[in-house]
Q: 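Once you've had a glance at the structure underneath, I'll fire off some questions.
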Amino acid sequence: MLLPACAVTPPRDIDDVCSMFREKRGWHKVATKAEAKWGTSMHIPLAFMRQESGFRHKARPARRKLFGLIPWRRPSSAYGYAQAVDGTWRDYISATGEYWRVRHDFADATDFVHWYIHEANRRNGVPRSDAFSLYMNYHEGPAGYARGSHAQKPWLHKVATGVQLRSQRYSAQYDGCRESLKSGFLGRLFGG
């Protein structure tokens with residue numbers, strides 16, 4: 001029997017990064033560690049995961065309906081916080097050599113999104129601070145982005161603009177609570 005306390009639930013307020021980090025203390029540590037490892041500000045990967053899964057650890061695309069009634073296949077293999085598809089996840093595992101990683105773990109999904117941003121910068125020259133273009137690359141894949149597949153998708157421009165705005169909000173929010181999120185009891189007591 002599973003205990004309700006063991007269930008992984010999204011944070012109560014997924015639009016406030018300070019609230020999220022206060023509720024999920026371990027997430028802050030993971031986010032700062034990945035930020036230091038990959039060199040991209042944490043607010044961009046967080047905005048990606050907010051868009052992709054709403055911070056649901058086992059999120060999947062809705063199933064298609066056969067004859068409009070019978071649940072059928074899913075449109076893609078996207079899974080977890082980052083909605084990473086099977087092939088891209090395998091590329092990440094192969095590139096990092098970290099075979100223990102899983103898509104439904106927040107730390108692993110965070111590291112994956114940072115890696116993906118690193119790859120978008122390396123392969124397509126997308127600046128690590130350009131949340132809009134990084135999200136376009138994330139959605140279309142490096143090859144699709146390089147071909148300009150996103151140019152004919154006005155709906156994707158709207159979504160990417162939302163991701164960019166959310167990343168800016170997360171950044172501003174974090175600037176206001178960074179000190180109060182210092183790790184450990186004494187850090188929280190004396191940090192603000």
Q: Sub-3.5 Å donor-acceptor pair from the side chain of Gln83 to the main-chain atoms of Gly80, do we have one?
A: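 Yes, Gln83 side chain to Gly80 backbone: donor-acceptor pair under 3.5 Å.
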Q: I need the minimum non-hydrogen distance between Gly39 and Arg128, along with the two atoms involved.
A: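 What the structure gives for the nearest pair is O-CD, 3.9 Å.
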Q: Search all heavy atoms of Pro127 against all heavy atoms of Asn121 and return the closest pair with its distance.
A: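 Shortest heavy-atom separation between Pro127 and Asn121 comes out as CA-ND2, 4.1 Å.
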Q: How far apart are the C-alpha atoms of Lys24 and Thr9, what are their side-chain angles, what is the distance that settles it, and do they pass the side-chain contact (heavy atoms from CB on, under 4.5 Å) test?
A: CA-CA 10 Å; Lys24 307 270 188 185; Thr9 58; 3.9 Å; yes
Q: Out of curiosity, Glu140 CD to Leu156 CG, how far, rounded to the nearest 0.5 Å?
A: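 If I round to the nearest 0.5 Å, the distance is 5.5 Å.
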Q: Once you round to the nearest 0.5 Å, how far does CG of Asn124 lie from CG of Asn137?
A: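 Rounded to the nearest 0.5 Å, the CG-CG separation comes out at 5.0 Å.
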Q: Looking only at heavy atoms, what is the nearest atom pair of Tyr99 and Ile93, with distance?
A: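 Nearest pair, atom of Tyr99 first, then Ile93: CD2-CG2, 3.1 Å.
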Q: Given side chains that start at C-beta, do those of Pro142 and Tyr116 come closer than 4.5 Å, heavy atoms only?
A: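 Answer yes - side chains close enough.
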Q: Any link between Val102 and Val113 through a network of hydrophobic side chains (Ile, Leu, Val, Met, Phe, Trp, Tyr) touching at under 4.5 Å?
A: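 Different hydrophobic clusters.
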Q: Grab the two heavy atoms, one from Leu134 and one from Ser129, that are nearest each other, plus how far apart they are.
A: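 Nearest pair, atom of Leu134 first, then Ser129: CD1-N, 4.5 Å.
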Q: How far does CG of Asp105 sit from CH2 of Trp100, to the nearest 0.5 angstrom?
A: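 Here the rounded value is 12.0 Å.
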Q: Testing the basics here: between Ala34 and His114, what is the closest heavy-atom pair and its distance to 0.1 Å?
A: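 Closest pair (atom of Ala34, atom of His114, distance): CB-CD2, 3.4 Å.
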Q: Would you compute the distance between atom CE of Met136 and atom NE2 of His139 and round it to the nearest 0.5 angstrom?
A: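 If we round to the nearest 0.5 Å, Met136:CE and His139:NE2 are 9.5 Å apart.
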Q: At what distance, to the nearest 0.5 angstrom, does OH of Tyr81 lie from CZ of Arg56?
A: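 Here the rounded value is 11.0 Å.
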Q: Between Tyr174 and His28, is the ring centroid distance below 6.0 Å?
A: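 Judged by ring-centre distance (under 6.0 Å), Tyr174 and His28 do meet the cut-off.
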Q: Please determine whether residues Val85 and Trp89 belong to a single hydrophobic cluster, defined as Ile, Leu, Val, Met, Phe, Trp and Tyr linked transitively by side-chain heavy-atom distances below 4.5 Å.
A: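 Not linked; separate clusters.
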Q: Would you say the side chain of Tyr92 lies within less than 4.5 Å of the side chain of Glu119, judging by non-hydrogen atoms?
A: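 Heavy-atom side-chain distance check fails, nothing below 4.5 Å.
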Q: Determine, step by step, whether Phe106 and Val8 satisfy the side-chain contact (heavy atoms from CB on, under 4.5 Å) criterion, reporting the C-alpha distance in whole Å, the side-chain angles of both residues, the deciding distance to 0.1 Å, and the verdict.
A: CA-CA 10 Å; Phe106 182 79; Val8 178; over 6 Å; no
Q: Please say yes or no: joined through hydrophobic side-chain contacts below 4.5 Å, possibly via intermediate residues, are Tyr138 and Leu165 part of one cluster?
A: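 Unlinked, Tyr138 and Leu165 end up in two clusters.
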Q: Could you report the tightest heavy-atom contact between Ser180 and Arg22, atom names first, then the distance?
A: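 For Ser180 versus Arg22, the nearest heavy atoms are OG-NH2, 3.4 Å.
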Q: Do Phe48 and Tyr135 have ring centres separated by under 6.0 Å?
A: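 When the ring centroids of Phe48 and Tyr135 are compared, they turn out to be within the sub-6.0 Å range.
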Q: Which residue pairs satisfy the side-chain hydrogen bond (donor to acceptor under 3.5 Å, both in side chains) criterion with at least one member in residues 155-168, sequence neighbours excluded?
A: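 Qualifying pairs: Asp15-Arg166.
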Q: How many angstroms lie between atom NZ of Lys33 and atom OG1 of Thr110, to the nearest 0.5 angstrom?
A: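 Output value for this atom pair is 11.5 Å.
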Q: So Trp38 and Trp115, side-chain contact (heavy atoms from CB on, under 4.5 Å) or not? Walk me through it.
A: CA-CA 7 Å; Trp38 293 104; Trp115 167 82; 3.6 Å; yes
Q: Looking at Glu98 and Lys37, is any side-chain nitrogen of the basic one under 4.0 Å from a carboxylate oxygen of the acidic one?
A: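 Salt bridge: yes.
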Q: Whether the side chain of Arg103 engages the backbone of Ala84 through a donor-acceptor N/O pair (distance < 3.5 Å, no angle test) should be reported.
A: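 Yes: the side chain of Arg103 pairs with the backbone of Ala84.
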Q: For a side-chain hydrogen bond (donor to acceptor under 3.5 Å, both in side chains) check, start with the C-alpha distance between Asp16 and Ser19, then their side-chain angles and the critical distance, and finish with the verdict.
A: CA-CA 5 Å; Asp16 182 339; Ser19 175; 5.1 Å; no
Q: Do the ring centers of Trp27 and Phe55 come within less than 6.0 Å of each other?
A: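 For Trp27 and Phe55, the ring centres are under 6.0 Å apart.
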Q: Is it the case that the side chain of Arg178 and the backbone of Asp175 share a donor-acceptor pair, with hydrogens and angles ignored and the cut-off at 3.5 Å?
A: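 No, because the side chain of Arg178 does not come within donor-acceptor range (under 3.5 Å) of the backbone of Asp175.
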Q: Taking the inter-plane angle between the rings of His104 and His57 on a 0 to 90° scale, is it parallel (under 30°), tilted (30 to 60°) or perpendicular (over 60°)?
A: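 Geometry flag for His57 against His104: perpendicular rings.
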Q: Tell me if the centroids of the rings in Tyr170 and His43 come within less than 6.0 Å of each other.
A: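 No, they do not, as the ring centres are separated by 6.0 Å or more.
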Q: Are the side chains of Thr40 and His118 in contact, using a 4.5 Å heavy-atom criterion?
A: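 No, every pair of side-chain atoms sits at 4.5 Å or beyond.
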